[in-house]
Amino acid sequence: MKNDQLPTGRRSVLRLAAALGVTVTTGALAVDRLGALDDTAAPPSGGPGAAGPPAAGPPAAAPRLRPSAYRLQPMTAYAPAARPRALPPVRRRPFLSLTDVGRSMVLTFDDGPDPRYTPAILETLRRHDCRAMFFVCGEMAAENQDLLREMADDGHVVGNHSWSHPLVPKLRPSRIRDELGSTSEVVERALGTAPVWYRAPYGAWNRHSFEIGAELGMEPLAWTVDTLDWKEPGSGTIVRRVLDGAGPGVIVLSHDAGGNRSQSVTALRRYLPALLDAGYTITVPRR
């Protein structure tokens, strides 16, 4: 036996070790190849870089939605579709009176609510079981939301009279929207529903106010009889103006804020029972 020849048994052991080494190396290369294919797999069909059909193999598991994505996809497939709120038409002029209401009249009060005068007006209306309309200014309503709720609890209609009582035609459309929209928000937060009627301060309307009012879901209401109580002419004069102007569908304008309204309070206590005795019903418009 030469020195460089290995015994037969030793040669067998070395052959077995070499065979095992080849097997392990082949397996490692296969694992590396599979890993490389997984890392460079094509994106889902339709995504950036998509090309050709997906590689054969078991279907991939569906991707899990992140919590934020789930919140953006509520399960509403079986819920009834929400019906959009019908908006009123855009008017070219406000309502000046009511029609087809029989022997009924509407009493309206602007600029409040004012804790000095509004409670007394509410008390008089409550005593005679009558409903009225209160066109509130947002800056007053925000500070007296308890009076807003009292109005609603008594069945009165709360309307929108802008936020700060500006002269509307002098405002940009964006400012008109702010004046009306902010007031509607205050009323809706307090009562749960936004106003469906509005009145321009000073009775000064323009095309933008009609359009924006309609967008906010409101109809424009003016008046038939102006008591001019803001001039403080005396309670007797206020009473006479209301009774002289009484008639079916008449809308009476008075104030419960914006100055000293004690004459308005006293006048209501006198002309309201007189209207009822004359056969008039005090009502509010419905929508």
Side-chain angles (χ1 to χ4, degrees), residues 86 88-89 91-113 117-136 147-161 187 191 193-200 203 205 210 213-214 217-230 233 235-257 261 263-287:
R91 307 286 180 182
R92 294 187 177 181
R93 57 181 298 181
F95 292 99
L96 303 175
S97 62
L98 300 184
T99 59
D100 302 323
V101 293
R103 197 171 172 80
S104 296
M105 294 175 56
V106 179
L107 303 182
T108 68
F109 301 89
D110 286 8
D111 299 351
Y117 309 109
T118 304
I121 290 175
L122 290 172
E123 192 278 329
T124 299
L125 293 167
R126 191 179 303 121
R127 184 189 315 139
H128 295 281
D129 194 25
C130 291
R131 310 294 177 265
M133 300 182 74
F134 290 85
F135 286 91
V136 301
L147 289 175
L148 287 182
R149 288 185 282 270
E150 187 175 346
M151 293 171 184
D153 290 344
D154 284 357
H156 304 300
V157 173
V158 178
N160 188 324
H161 197 40
V187 173
L191 305 183
T193 56
V196 296
W197 295 95
Y198 75 106
R199 174 175 285 167
W205 316 78
F210 289 128
M218 299 186 293
E219 294 269 33
L221 189 73
W223 56 84
T224 318
V225 173
D226 188 349
T227 64
L228 299 174
D229 59 341
W230 58 273
S235 58
T237 300
I238 297 172
V239 171
R240 185 175 66 255
R241 287 171 178 164
V242 173
L243 298 181
D244 287 348
V250 162
I251 301 171
V252 178
L253 167 61
S254 299
H255 295 80
D256 64 331
R261 299 295 174 244
Q263 293 180 5
S264 304
V265 171
T266 301
L268 176 66
R269 292 171 179 159
R270 294 172 55 186
Y271 68 69
L272 179 53
L275 291 173
L276 297 175
D277 290 343
Y280 286 102
T281 299
I282 307 303
T283 189
V284 292
R286 300 295 181 185
R287 277 190 54 197

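Start at 1 with the first residue, then count along the sequence.
Side-chain contact check for Leu276 versus His128: some heavy-atom pair is nearer than 4.5 Å. Leu191 is listed as a side-chain neighbour of Arg149, based on a closest heavy-atom distance under 4.5 Å. Under the 4.5 Å side-chain criterion, counting only non-hydrogen atoms from C-beta, Met133 is in contact with Val106. Using a 4.5 Å heavy-atom threshold, the side chains of Asn160 and Met218 count as touching. Looking only at side-chain heavy atoms (C-beta outward), Leu107 and Tyr271 come within less than 4.5 Å of each other. With contacts defined as side-chain heavy-atom distances shorter than 4.5 Å, the pair Ile282/Arg131 does not qualify. Side-chain contact between His156 and Leu125 is present, with at least one heavy-atom pair separated by less than 4.5 Å. Inter-residue side-chain proximity for Leu272 and Cys130 is flagged as met; some heavy-atom pair is nearer than 4.5 Å.
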With side chain to side chain contact (heavy atoms under 4.5 Å, CB included) as the criterion, how do Ile251 and Val225 come out once you've worked through the C-alpha distance, each side chain's angles and the decisive distance to 0.1 Å? CA-CA 6 Å; Ile251 301 171; Val225 173; over 6 Å; no
Full working for side chain to side chain contact (heavy atoms under 4.5 Å, CB included) between Met105 and Thr283: CA-CA 6 Å; Met105 294 175 56; Thr283 189; over 6 Å; no
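Ion pairing between Glu123 and Arg269 fails under the 4.0 Å rule for side-chain N and carboxylate O.
With sequence neighbours excluded, the residues that form a side-chain contact (heavy atoms from CB on, under 4.5 Å) with Arg91 are Pro89, Phe95, Phe210, Glu219, Pro220.
Around atom CG of Asp153, more than 12 heavy atoms belonging to other residues, nucleotides or ligands sit under 6.0 Å away. The local environment of CH2 in Trp230 is sparse, with at most 12 non-hydrogen atoms from other residues, nucleotides or ligands closer than 6.0 Å.
Judged by a 6.0 Å distance limit and a 45° cone about the ring axis, Arg103 is positioned over the six-membered ring of Tyr280.
Across Ala222 and Arg199, no two heavy atoms sit closer than the pair O-NH2, 2.6 Å. Here the closest non-hydrogen pair linking Ala267 and Ser235 is CB-O, 3.8 Å.
Atoms CG and OG1, from Leu98 and Thr224 in turn, are 7.5 Å apart once rounded to the nearest 0.5 Å. With rounding to the nearest 0.5 angstrom, the CG atom of Leu96 is 8.5 Å from the CG atom of Leu221. For the atom pair Thr108 OG1 and His255 NE2, the distance stands at 8.0 Å (nearest 0.5 Å). The CG atom of Asp110 lies 7.0 Å from the CZ atom of Phe135; values are rounded to the nearest 0.5 Å. Note that CG of Leu148 is 6.0 Å distant from CE of Met151, once rounded to the nearest 0.5 Å. One distance of note links CG of Leu147 with OH of Tyr117; it measures 14.0 Å at 0.5 Å rounding.
At distances below 3.5 Å, at least one donor-acceptor pair connects side-chain atoms of Arg261 with backbone N or O atoms of Ala257. Side-chain N or O atoms of Ser104 include one that pairs as donor or acceptor with a backbone N or O of Val101 at under 3.5 Å. Asp226 places a side-chain N or O within donor-acceptor distance of the main-chain N or O of Leu228, the cut-off being under 3.5 Å. Between the side chain of Asp256 and the main chain of Gly112, a donor-acceptor pair closer than 3.5 Å is present. Trp197 places no side-chain N or O within 3.5 Å of a backbone atom of Pro195 that could act as its donor or acceptor partner.
Across Leu253, Val252, Val239, a single residue satisfies side-chain contact (heavy atoms from CB on, under 4.5 Å) together with Thr227, and that is Val252.
The aromatic rings of Phe134 and Phe109 lie parallel to each other, with less than 30° between the two planes, well short of the 60° mark.
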